[in-house]
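In what follows, a single structure is set out as structure tokens and then discussed.
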Amino acid sequence: MGFLWRTRLRGANEKKITPVISWPESEPESEITIPPEFQCPISIDLMKDPVIISTGITYDRESIETWISSGNKTCPVTNTVLTTFDQIPNHTIRKMIQGWCVEKGSPLIQRIPTPRVPLMPCEVYEIRRKLSSATRRGDYEKCGEIIEKIKKLGDESEKNRKCVNENGVGLVLCDCFEKFSGDEKLTFMLKEILSLLTWMIPIGLEGISKLASASSFRCVAGLLRNTDDTVRQNAAFLMKEILSLEETRVYAFAVENGVAEALVKLIRDSVSSSATNSSLIAIYQMVLQKPEIASEFLEIGLVNLTVEMIVDAENSVCEKALAVLDAICETEKGREEVRKNALVMPLLVKKIPKVSESATRSSMSVILKLCKTENAFAVEEVVRLGAFQKVLLVLQVGYGEDTKEKATELLKMMNTQMKLMSDCVDSLKEFKYIKKPF
């Protein structure tokens, strides 16, 4: 027997859940009416987590939170300005709804479970205090228990995560990571900390500095080579945050710990878009801030790998791959390696202005660097590929000044080359080396 479900409203405050039986047609249609007092005034649906706001009206927590987060400061029913956004669980209504669900005993109605009360700042403060104390004592067992508790709270709801993040737990976790990062026996706990830190960004300068210490960095670099892809993804995410410090010692640690090879391998393994994006950002930071590192990336085939991503990757990955290619072209050796790939110039022209402003700017920047090195030959190729019209279009779009400056510079270069080509044709005509005009 096949079923097609539909929901019907009666009046302004009654809701009926109706199973419409498609076979056989002779069977009667049954309906269950939701009592008005069990319906949320916003969604007109059965309340799963009823809460009372300052005006005394009861709403479903999810609905009223969405209403408030959208910028509304009034009660949806009374239109009264809310004196506070606090929400108090309405246990009486919740128990009545649960009882009604059991009483109906219909497969249409699932019993509403008792919701968990959202985490409060005072509770987070106590968790932070206990974790900090256990870290100072070196009590890794207690730290492990608290970390597991934080993980469970974060899994319960996005609101819990936000509360944890806003009340300084990230910094204490960074402190804990640094404290135990030298102990290989505690790798599992360190993995859990990394996982938690990925949803606590931005951690802040003090927290990132703790992750950038010699022992912490060595541990994160080691986790980049872990057999678990999720751990590698989390490590790459934190690595890009560490490298954003732009400190000489951090890049020295990166070279010592084989970070370049681990990041390229993570991209090649296609673990996820998130892992690829994090790896590309980390590589970009390393090459841009420490050009001598570029040679190491060139040796392990970064240029061809980047070109492959520009060809068929999603826009966010393509944008970052173009930025990496631009950074590689800062060095002479990098430019030489890029020009060896015949696909580079056609791809760069094709991506103007298809992906994003950032991708367009990077594409034009790479073209300019290659053209300045190879002069007429590269410029002639760019003109032949139809870049002139595309760059003109960039000037007509509402892009930033930096992008327009690069477009203007590239247009001047192409214009000069086109004039030279025209003069050459005119000269050939004059000396009758060619009989027909181009």
Side-chain angles (χ1 to χ4, degrees), residues 4-20 29-128 149-150 152-169 199-200 202:
L4 173 66
W5 303 94
R6 78 166 180 260
T7 301
R8 299 196 310 198
L9 290 177
R10 282 195 176 178
N13 60 355
E14 282 191 355
K15 187 171 185 178
K16 295 193 175 186
I17 301 175
T18 309
V20 180
E29 188 179 89
S30 60
E31 295 182 342
I32 296 177
T33 303
I34 300 176
E37 61 271 24
F38 295 165
Q39 296 175 28
C40 172
I42 297 174
S43 65
I44 317 299
D45 210 343
L46 185 67
M47 291 187 284
K48 296 179 180 179
D49 186 6
V51 292
I52 305 172
I53 62 172
S54 59
T55 55
I57 306 295
T58 297
Y59 299 91
D60 190 56
R61 188 187 295 275
E62 184 179 350
S63 297
I64 193 63
E65 283 183 350
T66 302
W67 170 268
I68 292 171
S69 63
S70 299
N72 298 296
K73 298 181 179 179
T74 58
C75 172
V77 171
T78 65
N79 205 30
T80 307
V81 176
L82 299 174
T83 55
T84 175
F85 296 132
D86 291 345
Q87 299 151 28
I88 302 169
N90 192 330
H91 297 298
T92 303
I93 288 290
R94 175 178 55 77
K95 289 176 181 177
M96 289 170 67
I97 292 173
Q98 288 176 330
W100 177 78
C101 290
V102 173
E103 181 186 336
K104 289 299 175 183
S106 168
L108 287 175
I109 302 293
Q110 293 183 353
R111 183 176 178 182
I112 305 300
T114 303
R116 294 181 181 275
V117 179
L119 201 58
M120 300 299 290
C122 58
E123 296 175 272
V124 178
Y125 174 80
E126 187 62 21
I127 290 170
R128 190 183 68 190
K149 182 177 181 180
I150 295 171
K152 287 180 180 177
L153 289 169
D155 289 342
E156 283 178 12
S157 70
E158 189 61 37
K159 188 168 184 178
N160 281 359
R161 288 192 174 197
K162 186 178 179 182
C163 188
V164 168
N165 195 15
E166 290 176 347
N167 287 279
V169 174
W199 50 265
M200 294 188 188

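Please read all numbers here as calculations on a predicted model, not as lab measurements. Note that the numbering runs from 1 along the sequence shown for the chain.
- Asp60 places a side-chain N or O within donor-acceptor distance of the main-chain N or O of Asp49, the cut-off being under 3.5 Å.
- The closest donor-acceptor contact from the side chain of Trp67 to the backbone of Thr74 lies under 3.5 Å.
- For the atom pair CG (Asp86) and CD1 (Ile52), the distance works out to 12.5 Å, reported to the nearest 0.5 Å.
- At distances below 3.5 Å, at least one donor-acceptor pair connects side-chain atoms of Gln39 with backbone N or O atoms of Ile34.
- The SG atom of Cys40 sits 4.5 Å away from the CD1 atom of Ile42 when rounded to the nearest 0.5 Å.
- Side-chain N or O atoms of Arg128 include one that pairs as donor or acceptor with a backbone N or O of Asn167 at under 3.5 Å.
- The environment of OH in Tyr125 is sparse: at most 12 heavy-atom neighbours from other residues, nucleotides or ligands sit within 6.0 Å.
- For the atom pair CZ (Arg61) and OG1 (Thr58), the distance works out to 11.5 Å, reported to the nearest 0.5 Å.
- Sorted by first and then second residue, the salt bridge (charged side-chain N to carboxylate O under 4.0 Å, His left out) pairs with a member in residues 65-78 read Glu65-Lys159; sequence neighbours excluded.
- Taking all atoms of both residues into account, the shortest heavy-atom contact from Asn165 to Met200 is OD1-O, 3.2 Å.
- Residues Lys48 and Glu62 fail the side-chain proximity criterion, which asks for heavy atoms closer than 4.5 Å.
- Distance CD1/Ile64 to SG/Cys75: 6.5 Å, rounded to 0.5 Å.
- A heavy-atom distance below 4.5 Å is not found between the side chains of Asn90 and Met47.
- Looking at heavy atoms from C-beta onward, Val77 lies out of side-chain contact with Thr55 at the 4.5 angstrom threshold.
- With rounding to the nearest 0.5 angstrom, the CE atom of Met120 is 14.5 Å from the CD atom of Glu126.
- In this structure the side chain of Ser63 never reaches within 4.5 angstrom of the side chain of Asp45, judged on heavy atoms.
- Every side-chain contact (heavy atoms from CB on, under 4.5 Å) that Ile127 has, sequence neighbours left out, goes to Ile146, Lys149, Ile150, Leu153.
- Closest approach of Tyr59 and Ile53 over heavy atoms only: CE1-CD1, 3.4 Å.
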